[in-house]
Amino acid sequence: MDSLRIYNTLTRQKETFVPIKQAEVSLYVCGMTVYDFCHIGHARVMVVFDVVSRYLKYLGYNVKYVRNITDIDDKIIARATESNEDFKQLTQRFIDEMHQDEAALNVLSPDLEPLATDSIDNIISMIEKLIANNNAYVGTNNDVYYSVESFENYGQLSGRKLEDMNAGERVDVDSNKRNPFDFVLWKSAKPEEPSWPSPWGDGRPGWHIECSAMSTCCLGNHFDIHGGGMDLQFPHHENEIAQSEAATGERYVNTWMHNGFVRIDDEKMSKSLGNFFTVRDVLKKYRGEEIRFFVLSSHYRSPLNYSDEQLNESRSALERLYTALRNVEPVKNNVKSDYIKRFEDAMNDDFNSAKAVSVLFECANELNKLKSSNPEQASLMAGDLLDMAEPLGLLRQDPEEYLQSSTGSDGAISNDEIDVRISQRLQAKVDKDWALADQIRDALKEQGVILEDKGSETSWRRS
RNA sequence: GGCUGAGUGGCAGAGUGGUUAUGCAGCGGCCUGCAAAGCCGUGUACAGCGGUUCGAUUCCGCUCUCAGCCUCCA
């Protein structure tokens with residue numbers, strides 16, 4: 001397989017990826033609503049699309065990656081009221097926190113991170129177009145609604161028909177709407193709520209319109225890839241298509257990508273279920289790269305079960321890869337090796353990172369063998385390994401530093417203390433006091449430090 | 001009720017119409033003072049029932065089970 005194929009939710013099949021403009025890719029991903037810390041589900045979106053963007057660049061595309069920030073909505077207003085804080089202050093705080101989590105996961109910043117509140121003008125003009133085109137109407141309560149019946153292809157993405165959906169089964173039907181599935185474009189403000197002036201009175205944008213406005217503004221009316229979590233398929237992305245295509249008269253997006261959920265005990269991790277772990281929490285016990293590896297160890301569309309066992313396995317797996325890279329000077333390999341080809345085959349098959357990662361392990365095995373027998377070849381092999389890891393955002397750290405870095409646990413023994421213990425043990429070894437040497441080694445092991453003797457030298461790592 | 005998707009060895013997780021995934025764990029060996037790391041060897045997995053086929057875990061049908069969406073959620 002020599003060209004990239006991507007599963008398109010719109011057609012429910014893998015398609016050969018052909019960008020609209022040669023050598024350029026426009027990518028939009030629905031980002032966070034910033035009223036709380038990111039959880040592992042958010043981490044998955046960030047990592048998955050970071051890899052999509054990195055791999056497209058690896059293939060030589062000039063990528064424009066936009067990921068929006070939703071910084072105005074009901075939950076933000078509610079949370080700001082709760083904490084008696086200006087909503088802007090609240091959202092800025094969590095934007096900063098989000099950036100910290102991203103950095104910990106080695107997620108590169110998108111090229112653009114537009115804010116909904118910076119896009120009010122675009123949102124208003126898009127709503128005006130929709131009203132002019134008879135795709136939207138002003139309700140008796142002065143809210144502006146999109147009329148789903150006015151858009152012929154409504155339901156194309158989620159594969160559902162208006163008549164098949166059970167309106168009002170779980171949520172009261174809003175009597176201001178002409179059709180229960182009509183959705184809000186502009187919501188008029190209650191007293192004390194943040195608001196912006198508009199032709200329909202003071203208010204704020206509805207949830208879906210911001211993404212239509214920001215994506216088309218940043219990437220044009222018609223762009224290549226739009227991504228997000230599975231749960232955004234309906235109604236969010238369905239509504240984005242309806243709004244954008246009705247407003248611009250053009251095809252909106254070619255390829256829709258949706259990542260699967262993170263689960264806890266076979267149940268979706270979500271805010272509403274309350275069964276979520278924040279990235280911040282998990283970083284107390286695991287390295288960011290371990291979380292990243294965990295995310296990439298399964299295909300992005302599959303469910304991903306979160307558990308300590310899984311994270312522990314990711315830890316062991318990364319240890320193996322970094323250990324292979326120890327004591328070898330990587331050299332860029334100008335020949336495309338078999339490993340690289342197989343890696344690309346895997347990634348070209350709808351970003352199959354799980355399969356791609358397995359190639360890294362085979363490469364590491366080869367590297368381990370070569371290290372003693374053929375140092376020059378080993379260097380090239382290490383170069384290959386790092387080249388493959390790059391688009392995955394893995395193995396970017398110095399092996400020794402990584403292996404000795406903190407695993408997040410509090411109260412860990414310091415590097416200096418470890419050095420002291422090791423020199424004590426080396427003396428014991430010289431004295432052939434094996435009992436003492438073993439005792440020191442066992443004690444360090446209890447503190448998460450593994451010693452490895454090589455001749456008269458001892459190296460260590462945290463595990 | 002409608003619409004998706006999934007069920008793989010002890011665990012996790014790819015993949016394939018007939019041949020080794022990969023990682024972790026286990027077992028045996030080499031190495032080591034002993035370890036660790038590494039290397040070598042080692043596992044008759046593909047929910048069930050039918051069908052197509054010379055041959056199916058892989059294709060088709062049915063059944064069962066699970067998850068997701070139809071409401072805010074990545």
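Side-chain atoms are counted along with the backbone in the values below, which use heavy atoms only and exclude waters and symmetry mates.
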- Message: Pair Glu452(A), Ser459(A) - check side chain to side chain contact (heavy atoms under 4.5 Å, CB included), show working.
- Response: CA-CA 5 Å; Glu452(A) 295 177 30; Ser459(A) 61; 3.7 Å; yes
- Note on the structure: Asn365(A) meets the side-chain contact (heavy atoms from CB on, under 4.5 Å) criterion, sequence neighbours left out, with Arg320(A), Lys369(A)
- Query: Short question: side chain of Asn179(A), backbone of Phe181(A) - any donor-acceptor pair under 3.5 Å?
  - Reply: yes
- Query: Are any non-hydrogen side-chain atoms of Ser298(A) and Arg44(A) less than 4.5 angstrom apart?
  - Reply: yes
- Taking the six-membered ring of Phe261(A) (Phe, Tyr or Trp), confirm whether the NZ or CZ of Lys268(A) is under 6.0 Å from its centre and within 45° of its axis. yes
- Qualifying residues under side-chain contact (heavy atoms from CB on, under 4.5 Å), relative to Leu273(A), sequence neighbours excluded: Glu267(A), Ser270(A), Asn275(A)
- Item | Contact residues, residues 445-463 of chain A to RNA chain B [heavy atom, < 4.0 Å] | Ile450(A), Leu451(A), Glu452(A), Asp453(A), Arg461(A)
- Message: Rounding to an integer number of Å, can you tell me how far Phe94(A) CZ sits from A74(B) P?
- Response: 14 Å
- For C39(B), take OP1 and OP2 only and decide whether either is under 4.0 Å from a side-chain N or O of Arg320(A). yes
- Whole-Å distance, Glu362(A) CD to G15(B) C1', equals 13 Å
- Checking only heavy atoms, does the side chain of Asp231(A) share a donor-acceptor pair with the base of G68(B) at less than 3.5 Å? no
- Interatomic distance, His208(A) NE2 vs C72(B) P [rounded to whole Å]: 6 Å
- Stepwise side chain to side chain contact (heavy atoms under 4.5 Å, CB included) check, His226(A) with Val29(A): CA-CA 6 Å; His226(A) 189 133; Val29(A) 172; over 6 Å; no
- Partners meeting side-chain contact (heavy atoms from CB on, under 4.5 Å) with Asn8(A) (sequence neighbours left out): Leu10(A), Thr11(A), Glu15(A), Thr255(A), Trp256(A)
- What residues in residues 36-46 of chain A put a non-hydrogen atom under 4.0 Å from any atom of RNA chain B? His39(A), Gly41(A), His42(A), Val45(A)
- Item | Between P of C69(B) and CZ of Phe181(A), the distance in whole Å | 16 Å
- Message: Ring centres under 6.0 Å, that's the criterion: do His39(A) and Phe277(A) meet it?
- Response: no
- Quick one: list whatever passes side-chain contact (heavy atoms from CB on, under 4.5 Å) with Ser83(A), sequence neighbours left out. Glu85(A), Leu90(A)
- Under 3.5 Å, is there a donor-acceptor pair linking the side chains of Asn239(A) and Tyr154(A)? yes
- Task: With salt bridge (charged side-chain N to carboxylate O under 4.0 Å, His left out) as the test, would you mind laying out the steps for Asp345(A) and Arg342(A) before giving the verdict?
- Result: CA-CA 5 Å; Asp345(A) 282 350; Arg342(A) 288 169 52 216; over 6 Å; no
- Message: Using a 4.0 Å cut-off on heavy atoms, which residues in residues 148-155 of chain A reach RNA chain B? List them by number, or say none.
- Response: none
- Message: Taking A47(B) as the reference, what is the distance to A67(B) when you measure between their C1' atoms (whole Å, please)?
- Response: 15 Å
- Mind checking the P distance from U22(B) to A6(B)? Whole angstroms is fine. 24 Å
- Query: Can you tell me how far C1' of C69(B) sits from CD of Glu267(A), to the nearest Å?
  - Reply: 15 Å
Under 3.5 Å donor-acceptor pairs involving side-chain atoms of residues 433-445 of chain A, not counting sequence neighbours:
from	atom 1	to	atom 2	distance (Å)
Asp433(A)	OD1	Leu436(A)	N	3.2
Asp438(A)	OD1	Arg441(A)	NH2	3.4

- Touch check for Ser270(A), heavy atoms < 4.0 angstrom, all strands: base, sugar-phosphate only, or nothing? base
- Query: Under 4.0 angstrom, heavy atoms only, what part of the nucleic acid is Asn259(A) near: base, sugar-phosphate, or nothing?
  - Reply: base
- Query: What distance, rounded to whole Å, do you find between the two C1' atoms, one in C46(B) and one in U57(B)?
  - Reply: 4 Å
- Item | Ring centroid separation Tyr58(A) to Tyr55(A) under 6.0 Å | yes
- Which whole number of Å gives the distance between the C1' atom of A12(B) and that of C69(B)? 26 Å
- If you measure from the P atom in U63(B) to the same atom in U44(B), how many Å do you get, rounded? 35 Å
- Item | Nucleotide nearest Phe234(A) (side chain, heavy atoms from C-beta), chosen from G23(B), A74(B), C69(B) | C69(B)
- Write down the atom of Ala116(A), the atom of Ile72(A), and the distance for their closest heavy-atom approach. CB-CG2, 4.2 Å
- Query: Does NZ or CZ of Arg160(A) lie under 6.0 Å from the centre of the six-membered ring of Phe234(A), at an angle within 45° of the ring axis?
  - Reply: yes
- Query: Between the main-chain N or O of Leu395(A) and the side-chain N or O of Glu289(A), is there a donor-acceptor pair closer than 3.5 Å?
  - Reply: yes
- Separation of His236(A) atom NE2 from A74(B) atom P, in whole Å? 10 Å
- Rounded to whole angstrom, note down the C1' distance from G48(B) over to C66(B). 15 Å
- Task: Looking only at side-chain atoms of Ser272(A), point me to the closest of G68(B), A37(B), C72(B).
- Result: C72(B)
- Task: Using atom CD of Gln427(A) as one end and atom C1' of G33(B) as the other, report the distance to the nearest whole Å.
- Result: 16 Å
- Query: At under 4.0 Å between heavy atoms, what does Val359(A) touch on the DNA or RNA strands: base, sugar-phosphate, or nothing?
  - Reply: nothing
Please output the side-chain donor-acceptor pairs of residues 354-361 of chain A that fall under 3.5 Å, not counting sequence neighbours, one pair per line with the distance.
from	atom 1	to	atom 2	distance (Å)
Ser358(A)	OG	Lys355(A)	O	2.7

- Taking atom C1' in both U58(B) and G15(B), what distance in whole Å separates the two? 9 Å
- Evaluate the ring planes of Tyr146(A) and Phe151(A), with Trp represented by its six-membered ring, and classify them as parallel (under 30°), tilted (30 to 60°) or perpendicular (over 60°). perpendicular
- Message: Between G23(B) and Phe361(A), is there a base-stacking contact, meaning the centre of the base's six-membered ring lies under 5.5 Å from the residue's ring centre while the planes stay under 30° apart?
- Response: no
- Contact residues, residues 364-386 of chain A to RNA chain B [heavy atom, < 4.0 Å]: Asn365(A), Asn368(A), Lys369(A)
- Item | Short side-chain to backbone donor-acceptor contact, Arg462(A) and Gln404(A), under 3.5 Å | yes
- C72(B) and U16(B): how far apart are their C1' atoms, nearest whole angstrom? 41 Å
- Over how many whole Å does the gap from Phe49(A) atom CZ to A74(B) atom P extend? 13 Å
- Message: Using a 3.5 Å limit for the pairing distances, which stems of at least 3 consecutive Watson-Crick or G-U wobble pairs does RNA chain B take part in?
- Response: B:1-7 with B:64-70, B:10-12 with B:22-24, B:26-30 with B:38-42, B:47-51 with B:59-63
- Item | Donor-acceptor pair, side chain of Lys64(A) and main chain of Cys218(A), under 3.5 angstrom | yes
- Protein-to-nucleotide contact annotation, 5' to 3' order, nucleotides 4-14 of chain B [B base; S sugar-phosphate only; - none; under 4.0 Å, heavy atom]: S------BSSS
- Message: Heavy atoms only, 4.0 Å cut-off, all strands: where does Arg425(A) land among base, sugar-phosphate and nothing?
- Response: base
